[in-house]
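Inspection log for the structure reproduced underneath, given as C-alpha cells.
Sequential numbering from 1 along the given sequence is applied to the chain's residues. Only a predicted model underlies this, so the values are computations on that prediction, with no experimental measurement involved.
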Amino acid sequence: MGKSLRDMTRQEQAAYFKSKDYCGEQLKVVMDAVSYGISIDYLQLFEDTTIPVETMETMFTAMKEDYGVKETAFLSTVHKEESGRILLEALKSGVPLSELQGIYQEGMLPIELREKILPLMQGRKAIPEKIGERMEFLTETVRELKESLSRQGSFIEDLKKSMEEKTEIFSVQEKEAESITEDMDDAYYLELEEQFRQAREDAERLLEEREETNRKVRELEAENKHLQEQLLLQQSYVAGVQEQKRVQERIQPVIRNSQQEKADCQRQNKSAEMETGKQLKPLSSFHFPFIRKKPGLLEKLAGELDAGQIAEVRLGIEDGLTESQLALLADKAMDADKMKELRMTMKILNERGQET
C-alpha cells in the first residue's frame with residue numbers, strides 16, 4: 001500500500017504531483033506551493049486536476065497568507081479569475097467566510113459579486129480607526145518608556161560616580177583603621193559598606209530593568225510599524241473602492257444615453273427605409289432615355305475612338321454634359337485636342353444656361 005501524502009517527504013510530494021495529469025501552468029503552481037512549504041492540508045486541495053490555473057494561483061495566494069483551509073477550499077470552487085480576486089480581497093478585509101458563501105452563486109458576474117460584497121467591506125471602515133487608536137496608544141507608551149530609559153541612564157551614571165567616590169572613601173577608611181585605637185566606633189565604616197552593597201544591587205537591578213524596557217520598546221515599535229502598514233493598506237483599498245464606485249456612477253448615465261441614442265437611431269433608420277420604399281415604387285416602371293441609349297454610346301466609344309478621345313468623353317461625363325452633347329463630342333473625326341476644346345465650350349454654355 002502506497003504512502004499517504006502526509007507521510008511523504010517534499011521530494012516524494014513533488015514526484016507524486018508530477019505524476020498527475022496537470023497542464024504545464026497548473027503543475028508550475030503546484031510545484032511552487034510544494035517548494036514554498038505549504039502544509040499538507042492545503043496541498044490536498046490540488047488533488048483536483050480540473051481546477052483552472054487562474055483559480056490555483058488565487059488559492060496559492062490564500063495559502064501563503066494562511067487564510068484557512070476552508071476559505072481556500074471555497075476559493076477552489078470559483079473558476080472565474082476576477083471573481084476569485086474579489087473574494088480574496090473580501091477575506092483580506094475581514095469579511096467572514098459564512099457571509100461570502102451566502103452571497104456567492106455559481107455563474108454570478110464579477111460586477112454583481114462586487115456590488116454585493118462592497119457593503120460588507122465598507123462596513124469594516126471602523127478598522128482603520130481602531131488601528132489608529134492602537135497606534136496612538138503605542139506611540140505614547142514608547143515615548144514614556146524612552147523617557148524612563150533616559151532617566152534610568154542618568155541615574156545609573158550618577159550611581160557609578162557615587163560608587164567610585166565611596167570606593168575611595170572606603171579605601172581611606174581602611175588605611176586609617178590601621179592607625180586608630182581599638183575602642184574607636186566603626187559605625188561609619190559599616191554604614192559605608194552597606195551603602196556600597198546596596199548601590200551595587202540597585203545598579204544590577206536597573207540594568208536588568210533597562211534591558212527589559214529596551215525589549216518592550218522594540219516589540220511595541222515593531223507592532224506600531226505593522227499597524228501603520230495595515231492602516232495604509234486599508235486606506236488604499238477603501239480609496240480604490242470609492243474611486244471605482246465614482247467611475248461607475250459617471251459611466252452609467254453615458255451608457256444609458258448611448259443605448260437610448262442607438263435605439264432612436266434604429267427607429268429613424270427604419271422609418272427612413274419605409275419612406276424610401278414608398279417613394280421608389282412609383283418610379284419602378286419609369287425608364288430613363290439616357291440609360292436606354294447609353295449602351296450605344298459605349299459601343300461607339302469602344303469601337304471607334306482611341307484612348308485620348310475616350311478620356312475626353314469621360315471628362316465630359318464628369319463635367320455634367322447632356323446625352324446629346326456627349327454624342328456630339330464622341331466624333332471619331334475629331335482628335336483629342338479638338339474634343340477637349342469642344343468639351344470645355346459645352347461646359348461653359350451649360351453653366352450659363354445655354355445648352356446646345
Give the minimum heavy-atom separation between Ile40 and Leu5, together with the two atoms involved.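 Closest approach of Ile40 to Leu5, heavy atoms only: CD1-O, 3.8 Å.
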
If only atom types and distance count, is the side chain of [X] paired as donor or acceptor with the main-chain N or O of [Y] below 3.5 Å?
X: Asp319; Y: Leu321; result: no
X: Gln26; Y: Thr49; result: yes
X: Thr55; Y: Ser76; result: no
X: Tyr42; Y: Gly68; result: yes
X: Arg85; Y: Thr58; result: no

Residues two or more places apart in sequence or in another chain: which of them pass salt bridge (Lys or Arg N to Asp or Glu O under 4.0 Å) with Glu54?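 If we apply the salt bridge (Lys or Arg N to Asp or Glu O under 4.0 Å) test to Glu54, skipping adjacent residues, there are no hits.
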
With Thr61, which residues qualify under side chain to side chain contact (heavy atoms under 4.5 Å, CB included), at least two apart?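 Checked Thr61 against side chain to side chain contact (heavy atoms under 4.5 Å, CB included); matches are Glu65, Leu88.
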
Heavy-atom count around Glu47 CD within 6.0 Å, excluding the residue itself: above 12?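 More than 12 within 6.0 Å, yes.
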
Tell me whether the count of non-hydrogen atoms from other residues, nucleotides or ligands lying under 6.0 Å of NZ in Lys28 goes above 12.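 Result for NZ/Lys28: open.
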
As a quick check of understanding, evaluate salt bridge (Lys or Arg N to Asp or Glu O under 4.0 Å) for Lys116 and Glu112, giving each step before the final call. CA-CA 6 Å; Lys116 290 181 178 294; Glu112 296 175 342; over 6 Å; no

Of the options Ile51, Leu87, Leu45, which is the one that meets Leu75 in a side chain to side chain contact (heavy atoms under 4.5 Å, CB included)?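 So the option named by the test is Leu87.
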
Begin from the C-alpha positions of Glu82 and Arg114 and carry the test side-chain contact (heavy atoms from CB on, under 4.5 Å) through to its verdict. CA-CA 10 Å; Glu82 183 63 24; Arg114 183 173 289 279; 4.1 Å; yes

